[in-house]
Amino acid sequence: MTDTDVLVVGAGPVGLTLAAELRRHGVDCRIVDRLAVPQPHAKAIGIVPRTLEVWDSMGLVDRVLDEAVPHLGQIVYVDGKARPQVELSLPPEVPYPFATLPQCTTERLLTEHLAGQGTEVERPVELQGVEVRPDAVEAGLAHPDDRTERLSARYVVGCDGAHSLVRKAAGLTFDGDALPELYMIGDVELDWELPAGYSMRSVNLDANGEMDDMLVCIPMGSRRYWLSMLSSNGQAADGRSTTAPDDSALGSGSGKGPDLQQIQAVLDRLSPEVTTASTMRWSSTFRTSHRLVDRYRNGRLFVAGDAAHINPPIGGQGLNTGVQDAHNLAWKLALVVRGLASEELLETYHAERHPVAQEMVNRTVQHARNVRQVGSGPLNGGDQAQMMLWRQAQLLVSYPDSPLTAAQAENRAAAAGPAPGHRAPDCRGLVSDLAAYPRRLFDLLRTPRHVLLLFAGPEHASGRGAEQLEACAAEARRAAHGLLDAYFVTAAEVPQDARPVGLRPPRVRDAAGEFRDAYAPRDGEAILIRPDGYLSGRFHPATPDQLAEHLRHTFV
């Protein structure tokens with residue numbers, strides 16, 4: 001019998017993110033995958049801005065930016081006629097744009113990142129079953145040398161896809177349905193002259209205005225595109241009739257993928273210019289489904305990613321939602337494993353992430369059913385378009401009703417700036433005493449700990465006001481068992497030589513006023529940010545007792 005704190009089952013993007021975050025938080029874990037080698041396919045390719053922010057906090061984003069390509073927008077054709085072009089542009093204060101990255105590359109980068117923290121993926125190792133005991137989970141692992149290992153883990157997290165054995169062992173339901181359309185996909189190169197960074201969507205409508213032919217081409221690099229095509233008559237590329245599988249994993253359909261000749265036939269019908277497909281790396285046939293678990297947790301068993309939710313592959317929402325599942329769960333599991341939080345903290349995983357997945361599944365299903373309306377929807381302009389774009393970017397994901405933040409909601413009801421439970425936005429132009437260059441707020445948040453920002457205007461930059469904020473920092477750090485970083489953020493109008501009483505917490509000056517614009521802080525206000533980059537609370541005027549009381553919702 002071997003032991004570990006957490007067993008992660010499945011080494012896709014979700015499992016790798018979870019394992020890497022557990023290790024960054026100082027938790028022992030093992031990650032196993034039944035495949036001998038990772039699949040070399042593009043599969044899920046869309047990366048949304050919020051996921052890039054997550055990878056920034058993990059210290060991975062620079063590697064991703066080196067290999068991803070921008071997704072700038074979409075060129076739309078209906079019956080061969082150009083429709084208004086869709087632009088995926090966000091305000092300059094959002095640090096990252098939409099991007100595309102083949103899933104195989106995402107997995108390689110995450111695997112290398114995890115290996116840098118001393119943990120390797122164990123392959124091919126297959127979970128055979130689990131037995132939940134009061135104090136641990138006993139798992140059976142089948143190794144390639146016909147050896148069966150008995151492993152005792154405090155918790156097991158199933159990141160093992162739509163057919164998750166962990167989900168079944170936990171007794172969770174996975175209700176949903178299949179959509180009727182059958183799709184063919186291919187990873188090919190195209191020799192056309194369409195603008196770089198833009199995807200292309202071309203549809204033909206029948207006499208009743210219903211879509212009867214479709215082609216979507218999404219850029220993945222120099223002339224490399226991910227193609228999705230509607231397969232007619234419910235037949236796979238080999239002509240065999242196909243029934244809907246019970247999941248939406250790309251490549252899970254019963255028909256083989258199209259060959260280059262079949263892809264070329266679709267391009268000849270729907271491409272806005274003459275082009276030739278070549279260098280096919282992969283193709284498949286699939287039918288989309290939508291399913292959602294009833295619970296994200298049952299005792300010591302958890303699910304994340306496709307094991308918890310599947311949806312039509314529109315806008316890359318599934319992979320990104322799964323990565324953020326893992327990011328939400330990791331810091332909470334770490335605190336409980338280390339004895340710094342009670343089991344009740346783990347209940348917030350379901351409370352926060354299940355509504356996010358429910359909204360995402362509903363939105364992508366509705367979009368899939370209305371896909372023939374492409375080119376006439378609200379993404380083409382106006383406030384509603386901007387709201388939809390922010391939702392697609394997953395920048396509107398929030399937890400205002402979470403047990404960790406609900407008590408603070410009314411505190412900021414009439415105030416400006418992000419409220420508790422909402423994403424902590426980045427800002428630039430923070431100047432510290434020992435750096436000749438400005439810093440970003442995200443530089444301060446690149447930590448596995450909570451971060452406390454103490455805003456000091458003229459009344460709190462020195463003297464008694466500063467003493468009060470220093471006391472807040474000391475008490476908050478004590479309540480968080482030391483797992484909290486605190487910073488003075490001084491207003492731009494505060495003189496540079498104004499000093500807090502002590503040497504701690506360190507000071508950054510809002511020289512460019514971007515922190516003021518992003519957060520609308522009040523003099524003497526404390527802003528508490530969780531390890532996953534969401535506001536836990538805002539307190540004005542901040543007091544040590546108030547902060548300690550709030551942190552007791554998280555720490556024991």
Under the side-chain contact (heavy atoms from CB on, under 4.5 Å) rule, what do L335 and T554 come out as? Steps first, then yes or no, please. CA-CA 9 Å; L335 289 180; T554 299; 3.8 Å; yes
Walk me through it: do R423 and E53 pass the test salt bridge (charged side-chain N to carboxylate O under 4.0 Å, His left out)? CA-CA 10 Å; R423 157 187 169 267; E53 292 184 351; 2.8 Å; yes
For side chain to side chain donor-acceptor pair (under 3.5 Å), just list the numbers for R353 and Q324, CA-CA rounded to whole Å, side-chain angles, deciding distance to a tenth of an Å, and then say yes or no. CA-CA 9 Å; R353 295 305 299 171; Q324 292 169 57; 4.6 Å; no
Going through the distances and angles, do T173 and V293 end up as a side-chain contact (heavy atoms from CB on, under 4.5 Å)? CA-CA 5 Å; T173 64; V293 289; 5.9 Å; no
Show your working on side-chain contact (heavy atoms from CB on, under 4.5 Å) between V137 and L301 and close with a plain yes or no. CA-CA 8 Å; V137 180; L301 303 180; 4.1 Å; yes
Could you walk me through whether T4 and R30 pass the side chain to side chain donor-acceptor pair (under 3.5 Å) check? CA-CA 7 Å; T4 190; R30 289 176 59 181; over 6 Å; no
Quick one, V8 with C159, criterion side-chain contact (heavy atoms from CB on, under 4.5 Å). Give me CA distance, side-chain angles, the key distance, then yes/no. CA-CA 7 Å; V8 180; C159 306; 4.1 Å; yes
Could you walk me through whether Q358 and H354 pass side chain to side chain donor-acceptor pair (under 3.5 Å), step by step? CA-CA 6 Å; Q358 180 75 73; H354 189 271; 4.8 Å; no
N328 vs E352, test: side chain to side chain donor-acceptor pair (under 3.5 Å). Steps then yes/no. CA-CA 9 Å; N328 182 286; E352 293 180 352; 2.8 Å; yes
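Using a 4.5 Å heavy-atom cutoff, the side chains of E138 and R133 are in contact. Proximity of Q394 to T321: side-chain heavy atoms (C-beta onward) are separated by under 4.5 Å at one or more points. Side-chain contact between L340 and L483: present, with at least one pair of heavy atoms (C-beta onward) separated by less than 4.5 Å. The shortest distance between side-chain heavy atoms of D56 and Y96 falls below 4.5 Å. Between L22 and L333 there is a side-chain heavy-atom pair separated by less than 4.5 Å. By the 4.5 Å heavy-atom criterion applied to side chains, R154 and V6 are not counted as neighbours. Residues L395 and L90 meet the side-chain proximity criterion, which asks for heavy atoms closer than 4.5 Å. Between Q392 and M387, the closest side-chain pair of non-hydrogen atoms is not below 4.5 Å.
Judged by distance alone, with hydrogens and angles left aside, the side-chain atoms of R338 form a donor-acceptor pair with the main-chain N or O of H25 at under 3.5 Å. Not a single donor-acceptor pair under 3.5 Å links the side chain of N362 to the backbone N or O of E359. A donor-acceptor pair is defined here as one N or O able to donate and one able to accept, closer than 3.5 Å; such a pair exists between the side chain of Q117 and the backbone of R24. The backbone N or O of V48 sits less than 3.5 Å from a side-chain atom of N320, completing a donor-acceptor pair. Side chain of S57 to backbone of V54: a donor-acceptor contact under 3.5 angstrom is found. At least one donor-acceptor pair under 3.5 Å links the side chain of D426 to the backbone N or O of F442. Between the R167 side chain and the A162 main chain, a donor and an acceptor come within less than 3.5 Å of each other. When atom types are taken as modelled, the side chain of T111 and the backbone of E107 share a donor-acceptor pair closer than 3.5 angstrom. A side-chain donor-acceptor contact under 3.5 Å links Q317 to the backbone of G315. Q103 places a side-chain N or O within donor-acceptor distance of the main-chain N or O of A44, the cut-off being under 3.5 Å.
Within the structure, salt bridge (Lys or Arg N to Asp or Glu O under 4.0 Å) contacts touching residues 8-17 (residues at least two apart or in different chains) do not occur.
Counted by atom type alone, R509 and T490 present zero donor-acceptor pairs between their side chains at under 3.5 Å. Between the side chains of H540 and D523, no donor N or O sits under 3.5 Å from an acceptor N or O.
Distance check, rounded to the nearest 0.5 Å: CG of L114 to OG1 of T119 gives 5.0 Å. To the nearest 0.5 Å, the span separating CZ on R446 from CG on L60 amounts to 11.5 Å. Atom CG of residue L7 and atom CG of residue L127 lie 6.5 Å apart, to the nearest 0.5 angstrom. Atoms CG and OG1, from L404 and T348 in turn, are 4.5 Å apart once rounded to the nearest 0.5 Å. The structure places CD of E475 at 11.5 Å from CG of L452, a figure rounded to the nearest 0.5 Å. To the nearest 0.5 Å, the span separating CG on L292 from NE2 on H309 amounts to 8.0 Å.
A salt bridge is absent between D510 and R516: the closest approach of a Lys/Arg side-chain nitrogen to an acidic carboxylate oxygen does not fall below 4.0 angstrom. D175 and R291 are not joined by a salt bridge, as no carboxylate oxygen comes within less than 4.0 angstrom of a charged side-chain nitrogen. Using a cutoff of 4.0 Å between basic side-chain nitrogens and carboxylate oxygens, R108 and E67 are scored as salt-bridged.
Minimum interatomic distance between L109 and R63 (heavy atoms only, all atoms of both residues): CD2-NH2, 3.3 Å. Here the closest heavy-atom approach between residue A308 and residue V303 is recorded as CB-CG2, 3.8 Å. Smallest separation of non-hydrogen atoms from R538 and A416: NH1-O, 4.0 Å. Closest non-hydrogen pair, F515 versus P521, comes out as CE2-CG, 3.7 Å. Smallest separation of non-hydrogen atoms from A424 and L445: CB-CD1, 4.4 Å. Of all the heavy atoms in A526 and L454, the pair that sits closest is CB-CD2, 3.7 Å.
Residues satisfying the ring-ring contact (aromatic ring centres under 6.0 Å, His included) test with Y349, not counting sequence neighbours, are Y296. Taking the side-chain hydrogen bond (donor to acceptor under 3.5 Å, both in side chains) definition, one finds that R297 meets it with E343, E347, sequence neighbours left out.
Atom CD of E459 has 12 or fewer neighbouring heavy atoms from other residues, nucleotides or ligands inside a 6.0 Å radius. Applying the 6.0 Å contact sphere to CD of E344 captures no more than 12 heavy atoms from other residues, nucleotides or ligands.
Ring-centre distance between H422 and Y534: not below the 6.0 Å cut-off. A ring-centre distance under 6.0 Å is not found for F555 and H550. A centroid separation of less than 6.0 Å is found between the aromatic rings of W331 and H450.
By the 6.0 Å and 45° rule, R522 does not stack over the aromatic ring of F455.
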